[in-house]
Amino acid sequence: MNSRICRQRMLTVQQYMTRVSHLLAEIFTELGIDTDTLDSSVRTGGPADLSSLLWSWLELPPDKTMGDIALPCFRLAKTLRQAPVAIATSIADAVTAHIAAAGANDAEQVASAAAPPNDWTLLTDATTAGPYVNLRLRRSSVTRDVLHAIAMDNGYCHSGRGAGKIAAIDLSSPNIAKPFGIGHLRSTVIGTAIANLMESDGYQTLRINHLGDWGTQFGKIITSYRLYGDPDKVRANPIPELNDLYVFFHQQEKLHPELEDEGRAAFLRLEEGDPDSLALWQWMIEVSMVEFQRTYDLLSSRFDFNLGESFYNDKMQAVIDELREKGLLEVSEGAEVVRLDEENLPPCLIRKSDGATLYPTRDLAAALYRHHALHADELIYVVGGEQRLHFAQLFAVLARMGYDFAAHCSHVAFGMMLLEGKKMSTRKGQVVRLQEVLEEAIARAKAIISEKNPLLPDADAVARAVGVGAVVFNDLKNNRLHDIDFSLDKALAFDGETGPYVQYTHARTCSVLRKAGLLADGDASPGEALTSADSLSEIQTLEEPEWELTKLLSQYPQVRLRAIDERDPSLIAKLAMDICQEYNHFYHDCPILTSTAAIRERRLALTDATRLLIRHALSLLGLEAPASM
RNA sequence: GUCUCAGUAGCUCAGUUGGAUAGAGCAACAGCCUUCUAAGCUGUGGGUCGGGGGUUCGAAUCCCUCCUGAGACGCCA
């Protein structure tokens, strides 16, 4: 159970692993094993310090009944010239002796976060299973520490590695005059979650919506509108009509190739500043933004900047000048390029043979603007994986220009959304409109509410939170680079590993706390149950589900940091699901409200801790957490 | 053709900085609401981890090779 996260040794009960590794180092020294006696094959690349070395060896037993932390002894066999099993036995015996000497069993109250690093009361027993030493942590003290830490937010929801730094995140980036398709959902929700994660680490974020508002396509749309458009119809229903005109134009283009030149000429007029064309273009941006905003409102996405591609029109000449000054520009086949042979990349096209700029030119200008004008330290691009090469080239050119921040640029790639196994194409009119998907999701959520909980106050708001949550979570739970074949039924599933499941579990924790009189609706701070948890002196025998839940909760800080480092929100989604699964298991097996005072107090504290972390995880992912549903 | 990414249960995917018997959800079947929300919980069945070689005490994980799918590869964005 919960193997997804549990088996990653780095992430689990990590703070205790540090202490355990110190204890084990003591044993090793006692047994005459120190870093000098370990041969280099055992130490390779590892830290010189014995306890750090041991720390890196610790892992989790595959089965929770075996213990909490395991030390495999295979690699010691060669140096010590003993069988791994024998080594494991002597280590386990030594640990057992220490535990007994520490009088651990009478010291229930002693072990705590403040205990010295060589406090053997942290452990309750050591056993062997073949060549493995399995150690068990003292549940009471660990649980108390974890609950205390969550109440204090010791790194659980906030950290400060990004303090004073600015991260610019390029996300969403839909195209003007085209429908906001399901394909743009990924960039929007992944980008939003990454921005939230960075903020939890102290970064100031700049969420930049890099709108597609420039290019030949606008010449085509303008031409199509002038030739075939009905102004009244377009005004009534702008985006679908403009999209239809664009699609129709492409069909006509096949029959009348001369239209292509006309479209190009129309774009040229726009570039030259023809007032009529500009007005039309401006108007398309306005109506598109109104439309997009409806979707963003549902998703609770916000942006610090809506800067279209056109914003950089007057900033590209400076880039070209700078490249030339730095001697990076070369003429090749009539075009101007930056060669990237050393980086083993194809050359980056900066200027067409007719002198016009290109996509990379614009992105260079944008990167420099974000660096110089917006003072961004980190540049993050949440853009589909098909643009890998483009970003590799972009970053390489920045490095060539001598910008150190090139090392702090990253492309967060993701797979494509497919429709019935095929790439969606706006040109062919094959798009799934996100707005429709969200509305359908909300309608289904509403139907479930009226069936299961007809008296729920604020049902509409909850339906919106849950419906949208289903769609967003579905996209966030796997950050795989897999292409996704869009399925409405999958995106709108409310059972199993879904957003609504996580939200439901959150509502469940709220309900328990409400019944205990410990929670006012929408309370974001730790409740009384949790803040008084460090005074819980009676945490004696935790039952399995409580212990498993505690261990999962303890992973939150490390998982959050890893999600930030790997720019992977799915890690948060997965841990949230694991916590929910374990909480529901606990909820089912362990009565809370009807238990005797001490147990009730402890279980309420666990419930409140769970509630806080689920709530926080959901907020990182951009989901709401209704208090009942 | 070159490069990149992917291939794990019927489906969707975890696990990939090497460790013990490869895990979830969905779908199917069987149970659990006079007790804290059944959007839940429990159980059953389901696997040549794409194929083959190699390194290792130990490989889904590392190396080589082949197969399959997707994407990118100079004047679109």
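Letters A, B, ... mirror the listed sequences (proteins, then strands); counts begin at 1. Fair warning: this is a prediction, and the values are worked out from it, not measured in the lab.
- Nucleotide B/G71 has B/C3 as its partner under the Watson-Crick or G-U criteria, with both atom distances under 3.5 Å.
- Remark: the separation of the C1' atoms in B/U61 and B/U17 is 10 Å, to the nearest Å.
- In the set B/A39, B/A6, B/C36, the nucleotide with an atom closest to the side chain of A/M629 is B/A39.
- Residue A/R388 has its side chain nearest to B/C5 when only B/G71, B/A39, B/C5 are considered.
- At the heavy-atom level, A/E309 lies under 4.0 Å from the strands shown only through sugar-phosphate atoms.
- Among the protein residues, A/T594 comes within range of no part of the nucleic acid, since none of its heavy atoms lies under 4.0 Å from any strand.
- In this structure, A/Y587 does not count as stacked on the base of B/G40 under the 5.5 Å centre distance and 30° plane angle limits.
- Distance from the side chain of A/K452 is smallest for B/A39 among the nucleotides B/C75, B/A39, B/G40.
- When the side-chain nitrogen and oxygen atoms of A/K352 are compared with OP1 and OP2 of B/C76, one or more of them lie within a distance under 4.0 Å.
- Distance noted for atom C1' between B/G15 and B/U8: 9 Å (whole Å).
- Remark: B/G58 base-pairs with no nucleotide in the shown strands. Criterion, Watson-Crick or G-U wobble with two distances under 3.5 Å.
- For B/A59 and B/G53, the C1' atoms lie 14 Å apart once the distance is rounded to whole Å.
- A 3.5 Å limit on both hydrogen-bonding distances identifies no Watson-Crick or G-U partner for B/C36.
- Closest to the side chain of A/D495, out of B/A39, B/G19, B/A77, is B/A39.
- The C1' atoms of B/G45 and B/C36 are separated by 33 Å, rounded to the nearest whole Å.
- A/F74 places its CZ atom 11 Å from the P atom of B/A59, with the value rounded to the nearest Å.
- Pairing partner, B/A28: B/U44, with both Watson-Crick or wobble hydrogen-bond distances short of 3.5 Å.
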